[in-house]
Amino acid sequence: MNPATGSLLPPSFPSEMLTTILFILRIIVPFSCIAVAARCFTSMRLGKRRKDPVILLEDTAAHRILPVFYWENSIGRSRSSDIVLHDQTVSRSHAVLMRRESGWFVSDTNSKAGTLVNGRKVKERAPVFPGDVINMGATELTLRRVESPEIDPFRPVYRRAASPFSLMWSVFIIQILLAVQVIFAKGNPDFNAALPLGLLMLTEWILYLYSITIRGQVSFELETLAFLLCGIGITLISGVSVKDAFMQLVAIVLGIIFYRMMIWFLGDMDRVTRWRVKIGVLAILMFAGNLLLAKSRNGSKNWISLGPVSIQPSELIKVAFIIVGTSTLDRLQTYKNLTGFIGFSAICMGALFLMKDFGTACIFFMAFIIIAFMRSGSIRTVFLACAVAVFGAFLILKIKPYVAQRFEVWHHVWQHTSDSGYQQVRVLSYSASGGLFGVGAGHGCLENVFASTSDLAFGMMCEELGIILAITVVVILAFLALYARSEATRSRSTLYSIAACAAGGILIFQACLNVFGSTDILPLTGVTLPFISQGGTSMISVWGLLAFLKASDERTYAVRRQRN
């Protein structure tokens with residue numbers, strides 16, 4: 001230690017050189033993040049199985065072969081069916097042919113003529129094997145194997161996909177660069193400040209070894225992106241409070257455990273279907289407990305204190321909401337299934353209204369719109385739901401005048417710099433001062449403003465790490481939503497398609513509320529920025545949402561099928 005300065009650095013090490021090195025690191029980090037994100041999304045796009053048929057249906061009367069490309073296929077006279085039968089005795093939506101772990105099944109979807117397998121009428125679901133005959137109206141279909149030895153319908157294109165090890169190594173290097181900035185955030189080296197980030201790196205490699213080496217997983221892009229974002233969040237929090245950074249690390253570990261549990265749970269679609277009602281009931285009980293036990297905090301009654309720990313049940317219910325809203329194709333349009341989800345959605349929205357958590361209510365409503373549209377395909381249904389939402393918002397503004405006060409400051413924050421617009425004014429001012437590459441971790445002024453590491457995380461990221469990195473984070477979240485949309489036509493089941501799109505929609509909509517709210521483009525709602533903002537329950541929730549995207553990728557379960 002230098003006795004004159006109290007620094008661990010040698011006297012010959014000039015402070016100007018340290019400043020230059022840290023500035024160079026702040027330039028390298030955002031462009032490295034862009035490179036890693038580009039490699040991940042390119043790899044996810046390339047690592048898809050070839051669109052070859054998984055099984056065949058032979059129409060004996062018409063002397064034609066009908067290729068089957070998906071795990072769930074609607075069969076009927078309608079042009080929107082996956083397999084179209086030109087037979088007037090067949091219903092528009094007649095039956096569903098689907099594959100499960102135990103084999104192929106056919107399910108009748110309330111057709112007029114019914115569905116028969118080898119002459120026996122199908123009541124709910126009947127197994128079918130190659131050579132079996134399926135009768136629908138006047139049409140006779142025979143299930144045939146794909147005989148071509150050149151076709152492997154479940155073979156993903158791994159050759160061009162990025163190596164999981166190279167992706168993890170890239171993120172590891174970026175986080176080391178972030179750790180160096182945290183260590184020198186206060187001038188003198190403080191290695192304790194970088195300890196949470198170091199433990200995060202260790203956690204990442206443990207998950208990597210478990211997923212790739214033990215489980216034989218072939219894809220790791222989503223986990224790589226999540227770790228990249230979590231590392232940025234830990235960096236911001238460490239600059240304010242190392243204790244809070246440790247708490248965030250614990251939340252990340254719990255989120256990873258929840259993520260792995262969700263992947264296992266979603267691996268069996270029949271299991272998800274069996275548990276849908278129970279999970280919905282549990283979610284309602286959690287809302288009831290929230291209303292009974294929670295204390296008001298910042299105007300909302302959405303936190304339950306359990307000793308030194310506080311949890312926000314509505315964050316976990318986001319995952320339950322998606323599970324309840326999903327359905328396999330054979331049950332998708334049944335009246336009981338649909339009305340049950342609408343009733344559950346109404347209960348959730350009512351509970352959030354009583355809790356005065358209108359930001360989360362907006363997120364739930366967006367998820368409802370996505371799920372409702374994917375279930376029905378009806379623009380009219382979405383329009384009706386939006387009309388009801390607008391009417392409800394009008395009533396809220398009339399009944400709850402304090403909510404209207406938030407809208408009064410909207411686009412007028414500079415007229416309320418010392419009261420209701422205080423946070424947004426500071427975000428706008430300090431974000432601009434950060435420039436392209438930021439002032440450095442721990443050197444920002446926004447950290448002294450209330451909720452800087454949670455509701456205002458985007459502004460803090462702009463100030464300390466630069467606008468380039470902040471925009472990169474938002475683009476990553478946006479591309480996760482686009483990835484979910486692209487998977488909708490490739491997933492093994494409508495369950496995965498609906499779940500992935502709803503999860504991706506929640507992630508990007510929540511990010512928009514956080515970013516646009518803190519910058520006065522939208523009213524400030526107080527929601528977190530996924531994977532970045534401080535918040536234990538929120539972190540666990542976003543890892544749960546990521547599991548839906550992971551489950552929609554066929555590569556996730558491909559290795560397990562090969563083992564079985």
Approximate separation, where rounding is to 0.5 Å, of [X] [atom1] and [Y] [atom2]:
X	Y	atom1	atom2	result
M269	T494	CE	OG1	9.0 Å
E204	T224	CD	OG1	8.5 Å
M460	C462	CE	SG	12.0 Å
L222	C40	CG	SG	8.5 Å
L546	L507	CG	CG	7.5 Å
L228	E223	CG	CD	13.0 Å

What I'd like to find out is whether the side chain of [X] reaches to under 4.5 Å of the side chain of [Y], using heavy atoms alone.
X	Y	answer
F458	V474	yes
W275	F265	yes
T203	I252	no
M349	F365	yes

Side-chain donor-acceptor contact under 3.5 Å, [X] with [Y]:
X	Y	result
Q248	K243	no
S43	E221	yes
Q534	T453	yes
S166	R39	yes

| query | Can the ring centroids of F321 and F341 be said to lie less than 6.0 angstrom from one another? | reply |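 Here the rings of F341 and F321 have centres that are less than 6.0 Å from each other.
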
| request: Start with the C-alpha gap between V29 and L465, add the side-chain angles, then the distance that decides, and say whether side chain to side chain contact (heavy atoms under 4.5 Å, CB included) holds. | output: CA-CA 9 Å; V29 166; L465 302 180; over 6 Å; no

For the side chain of [X] and the backbone of [Y], is there at least one donor-acceptor N/O pair under 3.5 Å apart?
X	Y	answer
R271	W264	yes
S493	L495	yes
T360	D357	no
E464	G442	yes
Q312	S314	no
S552	L549	yes
N514	G526	no
Q175	G198	no

| said: I'd like to know whether R276 forms a side chain to side chain donor-acceptor pair (under 3.5 Å) with T326, so could you lay out the CA-CA distance, the side-chain angles of the two residues, the decisive distance to 0.1 Å, and finally the verdict. | reply: CA-CA 9 Å; R276 284 176 66 248; T326 58; 4.7 Å; no

| task | Check the pair L545 / I322 against side chain to side chain contact (heavy atoms under 4.5 Å, CB included), numbers first and verdict last. | result | CA-CA 9 Å; L545 296 175; I322 294 178; 3.6 Å; yes

| query | Yes or no on side chain to side chain contact (heavy atoms under 4.5 Å, CB included) for Y259 and K550, after CA distance, side-chain angles and deciding distance? | reply | CA-CA 9 Å; Y259 170 77; K550 187 70 175 180; 3.3 Å; yes

| task | Apply side chain to side chain contact (heavy atoms under 4.5 Å, CB included) to T472 and M461, showing your working. | result | CA-CA 11 Å; T472 300; M461 190 163 41; over 6 Å; no

| request: Using a strict cut-off of less than 4.0 Å between a Lys/Arg side-chain nitrogen and an Asp/Glu carboxylate oxygen, indicate whether R100 and E72 qualify as a salt bridge. | output: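 A salt bridge links R100 with E72.
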
| Single hit among W169, F172, W543 for ring-ring contact (aromatic ring centres under 6.0 Å, His included) with F227 |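 Exactly one candidate clears the test, W543.
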
